[in-house]
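I have placed the structure first, in the form of structure tokens, so that the comments after it can refer back to it.
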Amino acid sequence: MAPKVVCVVGPTATGKTKLGVLLAKEFHGEVVSVDSMQIYRGMTIGTAAPTPEETEGVPHHMIAVADPAEQWSAARYAAEATPVVDDILRRGKLPFLVGGTGLWLDALVRGHGFAPGRTGGKVREELMREFDSGGIGPLLRELGRVDPVSAEKLHPADTKRILRALEVYRETGKTISSHDEETRKLPPRYDAVYIGLRFRDREEMRRRIDLRVDRMVEQGLLEEVRTLLRSGLPRGSTSLQAIGYKEFLGVLEGNCTERDAVAEVKLRSRQYAKRQLTWLRHIPGIHWIDWGETRDFGRAFQISTEILSAEGLG
RNA sequence: GGGGGAAUUCCAGAGCGGUCAAAUGGGGCAGACUGUAAAUCUGUUGCCUACGGCUUCGAUGGUUCGAAUCCAUCUUCCCCCA
């Protein structure tokens, strides 16, 4: 039987971090962050990474462990987070996977591994060159020959995935569709209990996000971005894809006013939250806790406690 | 006070007599997602008893077989001269 873990999920600004800490304290657990941006060092304000006060002494893992200049990926995350989770289990504690990066969470929980090939790899570079010179047409035709299942499924505009599908084939001689098919059948590595946080009302979510962004600015987001840049971060870094950072980069470069940047960050954040909700809808069995006008953590804690107890944890 | 310009579907903004429920972008909504995932990609977006029908393009009234597109008046806004 797969070991049990608890996942605290939900879109941005719903309070996953706080609930995670409350529960970890109660259930003798440790937190493993599942966040593609909190992974990078020096990005605490803009990613709302938990501060030492907020962790309340609960050990947190996979936060600020990467250099912002590095290119992390779901695969690398899963590879590094898995032993961390296992170690927590070995010590008889309960892992709380807390975060909003859907793919990373799935990769960790299901533990399927990814097919070979990576960003920056030789084959990928080669494919990029071919794409630049010949467009997607020839590549899509090639995919149609070697992996018709993927070619059929992928939209012609979905360059990224078309290249990746070809990459897997060229690297391994096997198709990504067969790889996916096989890994889908594998039993998950962990038996996850999902607790989801969300707002009942979209407007309320929006207000919460706006508030959060305003607070980030007050706490010095601009300065944080400036410091990050001073460390000689390459412009194309994955870490700079983070919402808040890419917009404030524009402010520092004088391409946009802080006021506009703030509005942009709020907008992109709520669009992101929507995508997170879409992702989460495909996970069956999430125990949702709906926030009303206020986030009543006392109540959420109580509900979660009951859920976890019913699951035999605690 | 005089002269000129503009009013379009949630927003910006095309359209300049029929092929217009109205390009395009944004936003909204929905979806996808197996090595960049806070990324990337897709669909949809007036109403309906829906392969057809109905009501829209500041307002009213005209011209015309036919108008968002032409004319008149009115309303609002912008610019210029006073």
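Naming convention: chains lettered A, B, ... in sequence-line order (proteins, then strands); numbering from 1 in each chain.
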Tell me, with the steps shown, if A:Val225 and A:Lys246 meet side-chain contact (heavy atoms from CB on, under 4.5 Å). CA-CA 9 Å; A:Val225 177; A:Lys246 54 179 175 234; over 6 Å; no
Can you tell me if the side-chain N/O atoms of A:Lys274 get under 4.0 Å from OP1 or OP2 in B:A30? yes
Position toward the 5' end of RNA chain B (nearest nucleotide), A:His179 or A:Ile243: A:His179
So what's B:C41 paired with, Watson-Crick or G-U wobble, going by both distances under 3.5 Å? B:G31
Would you classify A:Gln241 as touching base, sugar-phosphate or nothing, given that sugar-phosphate means primed atoms plus P, OP1 and OP2, and contacts are heavy atoms under 4.0 Å? base
Considering just the side-chain nitrogens and oxygens of A:Arg270, establish if one lies under 4.0 Å of OP1 or OP2 belonging to B:G28. yes
For B:U55 versus B:G43, give the span between their P atoms, rounded off to a whole number of Å. 32 Å
Base, sugar-phosphate, or nothing for A:Gly121, non-hydrogen atoms under 4.0 angstrom? nothing
Does OP1 or OP2 of B:U34 have a side-chain N or O of A:Arg161 closer than 4.0 Å? yes
Can you identify which nucleotide, out of B:C33, B:U42, B:G35, has its nearest atom closest to the A:Ala75 side chain? B:G35
Classify A:His112 by what it touches in the nucleic acid, base, sugar-phosphate, or nothing, heavy-atom distance under 4.0 Å. base
Within the pair A:Arg281 and B:G31, is there a side-chain N or O less than 4.0 Å away from OP1 or OP2? yes
So what does A:Thr47 hit on the nucleic acid, given a heavy-atom distance under 4.0 Å: a base, only sugar-phosphate, or nothing? base
Does atom CD (A:Glu152) have a neighbourhood of more than 12 heavy atoms from anything else shown, all under 6.0 Å? no
N/O (side chain, A:Lys246) to phosphate O (OP1/OP2, B:A39) under 4.0 Å: yes
Do the side-chain N and O atoms of A:Tyr245 and A:Glu224 include a donor-acceptor pair separated by under 3.5 angstrom? yes
Contact check, side chains of A:Leu22 and A:Phe297, non-hydrogen atoms, under 4.5 Å: yes
Assign the ring pair A:His112 / A:Phe114 to parallel, tilted or perpendicular, where the plane angle (0 to 90°) is split at 30° and 60°. perpendicular
Any base atoms under 4.0 Å from A:Ala78, or only sugar-phosphate, or nothing? Heavy atoms, all strands. nothing
Within a radius of less than 6.0 Å around CZ of A:Arg230, do more than 12 heavy atoms belonging to other residues, nucleotides or ligands occur? yes
Rounded distance in Å between the P positions of B:A67 and B:U60: 15 Å
For the P atoms, the ones on B:G52 and on B:U69, what distance do you get once it is rounded to whole angstrom? 26 Å
Contact class for A:Leu154 (heavy atom, under 4.0 Å): base, sugar-phosphate, or nothing? nothing
Residue closer to the 5' end of RNA chain B, A:Arg275 versus A:Asp180 (nearest nucleotide): A:Asp180
Is there a Watson-Crick or G-U wobble partner for B:U49 with both distances under 3.5 Å, and which nucleotide is it? none
Let's see if you can work this out: which of B:G35, B:U40, B:C41 has an atom nearest to the side-chain heavy atoms of A:His155? B:C41
A:Met37 reachable from A:Leu229 in the ILVMFWY side-chain graph, under 4.5 Å edges: yes
Check the surroundings of atom CZ in A:Arg207: do more than 12 heavy atoms from other residues, nucleotides or ligands lie under 6.0 Å from it? yes
Watson-Crick or G-U wobble partner for B:U69, using a 3.5 Å limit on both distances? none
Answer for the Watson-Crick or wobble partner of B:A14, both distances under 3.5 Å, is none
Below 4.0 angstrom from OP1 or OP2 of B:G27, is there any side-chain N or O of A:Gln271? yes
Considering just the side-chain nitrogens and oxygens of A:Arg206, establish if one lies under 4.0 Å of OP1 or OP2 belonging to B:G28. no
Let me know the distance between CE of A:Met205 and C1' of B:G28, rounded to the nearest Å. 12 Å
Residue A:Gln302 excluded, over 12 heavy atoms near CD under 6.0 Å: no
Considering every strand and a 4.0 Å limit on heavy-atom distances, what is the contact class for A:Trp104: base, sugar-phosphate, or nothing? sugar-phosphate
Please report the distance, rounded to the nearest Å, between CG in A:Leu105 and C1' in B:C33. 14 Å
Separation of B:G31 atom P from A:Ile283 atom CD1, nearest Å, is 14 Å
Pairwise C1' distance for B:C71 and B:A82, with rounding to whole Å: 31 Å
Integer angstrom distance from the C1' of B:A6 to that of B:G46: 24 Å
Across the strands shown, which category fits A:Thr101 at heavy-atom distances under 4.0 angstrom: base, sugar-phosphate, nothing? sugar-phosphate
NA contact type, A:Ala107, heavy-atom cut-off 4.0 Å: base, sugar-phosphate, or nothing? nothing
Between B:C81 and B:U73, how far apart are the P atoms? Round to whole Å, please. 26 Å
Using both distances under 3.5 Å as the test, list the Watson-Crick or G-U wobble partner of B:G1, or none. B:C81
Within the structure shown, what part of the strands sits under 4.0 Å from A:Arg76 by heavy-atom distance: base, sugar-phosphate, or nothing? nothing
What is the nucleic acid contact for A:Asp35, judged by heavy atoms within less than 4.0 Å: base, sugar-phosphate only, or nothing? base
Under a 3.5 Å cut-off for both contacts, is B:C57 paired Watson-Crick or G-U wobble with anything, and if yes, with which nucleotide? none
Picking from B:U42, B:U36, B:C29, the nucleotide nearest the side-chain atoms of A:Ala157 would be B:U42
Is any side-chain nitrogen or oxygen of A:Ser73 closer than 4.0 Å to OP1 or OP2 of B:U36? no
Across the strands shown, which category fits A:Arg268 at heavy-atom distances under 4.0 angstrom: base, sugar-phosphate, nothing? sugar-phosphate
Checking only heavy atoms, does the side chain of A:Arg118 share a donor-acceptor pair with the base of B:U36 at less than 3.5 Å? no
